[in-house]
Protein chains: 2
Amino acid sequence: MSSDRPTLADVAAAAGVSVSTASLAFSGAGPIAAATRERVIRAAEELDYAGPNPLGRQLRSGKSGIVGVVVGDALRRSFRDPVSVQMLDGLVRTLEPLGLGVLLIPDSGGAEQRGVDPLVETAAMDVAAIIWGGTVENPNLMALRRRGIPTVVVEGQAVDDVAAIGIDDQAGTAELGRHLLELGHRRIATVTLPFNEFGRAGLVDERRSAELSWEITRRRIQGVRDAGIEPVAVWESPASLVEHGTDAGRALLSGPDRPTAILAQSDLLASGVVLAARELGLRVPEDVSVAGFDGLDLPWLAPDQLTSVVQPLAEKGAAVGHAIEALLEGRVPPPVMLPVSLRLGTTTGPPPA
Amino acid sequence: MSSDRPTLADVAAAAGVSVSTASLAFSGAGPIAAATRERVIRAAEELDYAGPNPLGRQLRSGKSGIVGVVVGDALRRSFRDPVSVQMLDGLVRTLEPLGLGVLLIPDSGGAEQRGVDPLVETAAMDVAAIIWGGTVENPNLMALRRRGIPTVVVEGQAVDDVAAIGIDDQAGTAELGRHLLELGHRRIATVTLPFNEFGRAGLVDERRSAELSWEITRRRIQGVRDAGIEPVAVWESPASLVEHGTDAGRALLSGPDRPTAILAQSDLLASGVVLAARELGLRVPEDVSVAGFDGLDLPWLAPDQLTSVVQPLAEKGAAVGHAIEALLEGRVPPPVMLPVSLRLGTTTGPPPA
DNA sequence: GTGAAAGCGCTAACAA
DNA sequence: TTGTTAGCGCTTTCAC
């Protein structure tokens with residue numbers, strides 16, 4: 001752990017050139033004699049100099065090369081959701097060739113008072129992305145704007161200088177709803193994502209409906225209505241996790257007058273519903289149809305494949321990457337709404353006779 | 001997107017104080033009259049100054065506050081594995097109060113030539129962590145050492161100035177093996193993690209055995225032997241994913257003389273084996289016992305709970321965090337080996353009569 | 001309690 | 001093609 005590493009000045013001195021020349025030898029930005037560069041490189045090797053200190057370069061250029069990415073609440077929670085992960089993967093891939101790195105910023109939002117992570121306030125970053133919703137009043141977004149850091153929001157609202165990336169989930173859900181109607185279903189229940197940052201588990205009544213503030217949940221509910229469906233029951237889940245889907249499925253399927261189809265707002269929730277149905281001795285789709293949203297690959301549900309609305313997660317990540325690129329060039333890209341597509345699986349069929 | 005934000009000098013000028021005084025008003029490191037600070041803060045608000053530019057601070061202090069974390073190959077792959085994710089969560093939690101942020105660095109290792117991600121070479125970071133194995137010849141590790149960046153390696157080898165965090169998987173696997181022996185099993189097969197960076201799917205013969213270079217895989221195989229078990233078959237998986245476990249299970253369980261127990265080196269693999277068994281009409285554990293490693297929560301395997309060796313993932317992440325803290329203080333912490341514990345589930349029982 | 005001055009390591013005008 | 005000079009924004013002695 002050498003305490004004082006050599007600097008460009010040391011290398012320049014050793015090579016017998018000026019610092020600026022040495023700088024050129026590394027950056028390649030400017031004319032320099034091959035022989036001179038050789039000499040500098042050799043001197044660097046001799047001194048065990050591993051290249052220009054990024055801190056100096058960053059201050060000079062005013063750029064950190066860092067993209068702050070605000071991920072959903074506890075990492076653990078948001079990373080349990082393949083939806084976040086796959087999108088993040090697409091994002092990182094897009095950013096890599098641009099020489100940008102992703103700084104993970106946990107979103108403390110909601111649960112623990114409305115504080116923002118200290119990184120949002122103080123970390124160096126050229127641009128930021130909030131990958132899970134967020135309205136204008138999102139504390140993270142407010143803090144970032146205060147710092148003048150251009151930001152892109154995924155599945156949120158596009159406002160003035162904030163870039164927005166989303167999917168056409170309302171239309172997708174409507175299409176899924178029509179599919180169920182065409183199969184002949186009339187008693188359709190829906191299992192939703194959280195209504196706001198304080199998600200609950202349970203049937204939604206009028207009072208709870210009034211507290212719906214998450215856009216994504218709202219749009220997908222609206223899609224169902226767009227299809228002309230009035231759900232016989234709306235069950236809210238506190239998060240997009242298999243176990244919450246199971247809870248929902250148990251509740252919705254064990255009472256009398258059970259629905260003939262359940263439309264869940266995520267594949268994880270839907271798969272939980274399938275498990276609950278199996279547990280109750282119900283056949284899917286003969287006794288009950290189940291559909292999801294996201295188009296995930298769920299090998300453990302085999303031999304079933306979920307009927308689902310497929311969203312292009314990698315492309316979504318890439319779209320965020322491109323938006324970031326634009327913001328770095330000083331442009332505010334127009335909002336992007338990616339298309340989704342219905343994927344028919346083995347979990348939906350005609351209702352029981 | 002204002003192109004030129006105010007600097008500390010602007011604020012100082014507006015407040016009618018010197019830059020150094022203004023600096024004190026923000027850092028609080030030094031004596032300053034309350035009234036003066038007030039004035040500075042007010043001036044800052046007026047100018048819409050959001051606090052000292054981290055770039056300047058970083059250059060001055062020589063610290064970036066960034067921890068580079070090299071995650072397994074494609075993010076998508078490594079994040080599909082809850083093992084990485086939960087550990088990362090523990091790490092981020094530990095780092096947050098220290099004011100450190102995590103920079104994600106994809107590990108291009110293996111597959112695509114032996115290049116390292118450009119971030120490893122050029123990004124600013126005070127310290128780094130390689131969270132998935134890595135021997136001394138790991139290209140990332142070599143690059144980091146060349147840059148003089150202190151590093152901690154998880155599940156790797158401890159060498160001179162590199163800190164190491166691991167778990168006692170060899171002993172844990174041995175304990176699991178003895179559990180199977182005590183139940184009466186004699187025909188035991190094992191499903192392993194990849195043998196090296198180029199993992200394969202298939203039975204391991206002598207030739208392949210010679211290519212075993214991943215320590216973690218080796219230790220867990222050795223643990224089985226330590227228990228006095230000579231596996232009737234060793235099946236290598238190309239990654240720790242459910243579908244690979246299913247492949248392994250199909251292969252191992254469909255032949256004649258099938259094993260009465262299968263010991264997998266990860267829970268994801270083990271759960272795939274359980275699915276394959278169910279698919280083949282075999283009851284678990286009546287017809288075949290299945291055990292895993294990691295101690296994950298797999299709600300979709302319900303009502304079964306996997307017999308597994310539980311490793312403390314959050315603690316492991318925290319241990320990495322503490323090692324990082326030590327490295328930042330100039331100390332090289334001694335290697336840490338965390339204990340594991342056997343968790344008996346519903347997937348192991350006596351062999352069929 | 002406050003200010004003046006130096007400098008962290010680098011790059012980019014500009015001059016030679 | 002190379003060197004000189006200035007300065008990115010900040011913190012930190014050290015005087016006062």
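Quick note: numbers below take in every heavy atom, side chains included, and nothing from hydrogens, waters or symmetry partners. This is a predicted model, so every value here is computed, not measured. Letters A, B, ... are given to chains in the order of the sequence lines, protein chains preceding strands, and every chain is numbered from 1.
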What donor-acceptor contacts under 3.5 angstrom involve side-chain atoms of residues 13-23 of chain A, with partners at least two apart or in another chain?
| residue | atom | partner | partner atom | Å |
| --- | --- | --- | --- | --- |
| A/S18 | OG | A/S20 | OG | 3.1 |
| A/S18 | OG | A/T21 | N | 3.3 |
| A/S18 | OG | A/T21 | OG1 | 3.0 |

Tell me, please, which residues at least two apart from A/D117 pass side chain to side chain donor-acceptor pair (under 3.5 Å).
none
Give every residue pair that meets the salt bridge (Lys or Arg N to Asp or Glu O under 4.0 Å) criterion with at least one member in residues 57-70 of chain B, sequence neighbours excluded.
none
Please name all residues satisfying side-chain contact (heavy atoms from CB on, under 4.5 Å) with A/S27, sequence neighbours left out, ordered by chain then number.
A/L24, A/A29
Categorize A/I32 for me: base, sugar-phosphate, or nothing, with a 4.0 angstrom heavy-atom threshold over every strand shown.
sugar-phosphate
Distance, nearest 0.5 Å, that separates CG of A/L313 from CG of A/L91:
12.5 Å
For the helix from C/dG1-D/dC16 to C/dA16-D/dT1, what is the angle between the axes at its two ends, each from 5 pairs, rounded to 10°?
40°
In whole angstrom, what separates A/R5's CZ from C/dC10's C1'?
16 Å
Suppose we screen for side-chain contact (heavy atoms from CB on, under 4.5 Å). Which residues come up paired with A/D10, at least two apart in sequence or across chains?
A/P6, A/T7, A/L47
Would you list the protein and nucleotides 11-14 of chain C atom pairs, both N or O, that sit under 3.5 Å from each other?
| residue | atom | partner | partner atom | Å |
| --- | --- | --- | --- | --- |
| C/dT11 | OP1 | A/R57 | NH1 | 3.4 |
| C/dT11 | OP2 | A/S23 | OG | 2.7 |
| C/dT11 | O2 | A/R60 | NH1 | 2.3 |

Atom CG of A/N53 and atom C1' of C/dG7 are separated, to the nearest Å, by 14 Å
Show the atom names and distances, to 0.1 Å, of all donor-acceptor pairs under 3.5 Å that link a side chain in residues 315-329 of chain A to residues at least two apart or in another chain.
| residue | atom | partner | partner atom | Å |
| --- | --- | --- | --- | --- |
| A/K316 | NZ | A/E155 | OE2 | 2.8 |
| A/K316 | NZ | A/Q311 | OE1 | 2.8 |
| A/E329 | OE1 | A/R331 | NE | 3.3 |
| A/E329 | OE1 | A/R331 | NH2 | 2.7 |

Calculate the interatomic distance between A/L59 atom CG and C/dC8 atom P; express it in whole Å.
13 Å
Starting at CG of B/L55, measure out to OG of B/S64 and round the result to the nearest 0.5 Å.
10.5 Å
Contacts of type side-chain contact (heavy atoms from CB on, under 4.5 Å), residue B/R147, not counting sequence neighbours:
A/A50, A/P54, B/M125, B/I149
Segment of DNA chain D, first to last nucleotide, that comes within the 4.0 Å heavy-atom reach of chain A:
D/dT1 to D/dG9
Without decimals, in angstroms, what is the distance between B/K63 NZ and C/dG9 P?
12 Å
Which residue pairs pass the ring-ring contact (aromatic ring centres under 6.0 Å, His included) test when at least one of the two sits in residues 4-25 of chain A, sequence neighbours left out?
none
Quick one: which residue pairs count as a side-chain hydrogen bond (donor to acceptor under 3.5 Å, both in side chains) with a foot in residues 39-50 of chain B, not counting sequence neighbours?
B/E38-B/R42
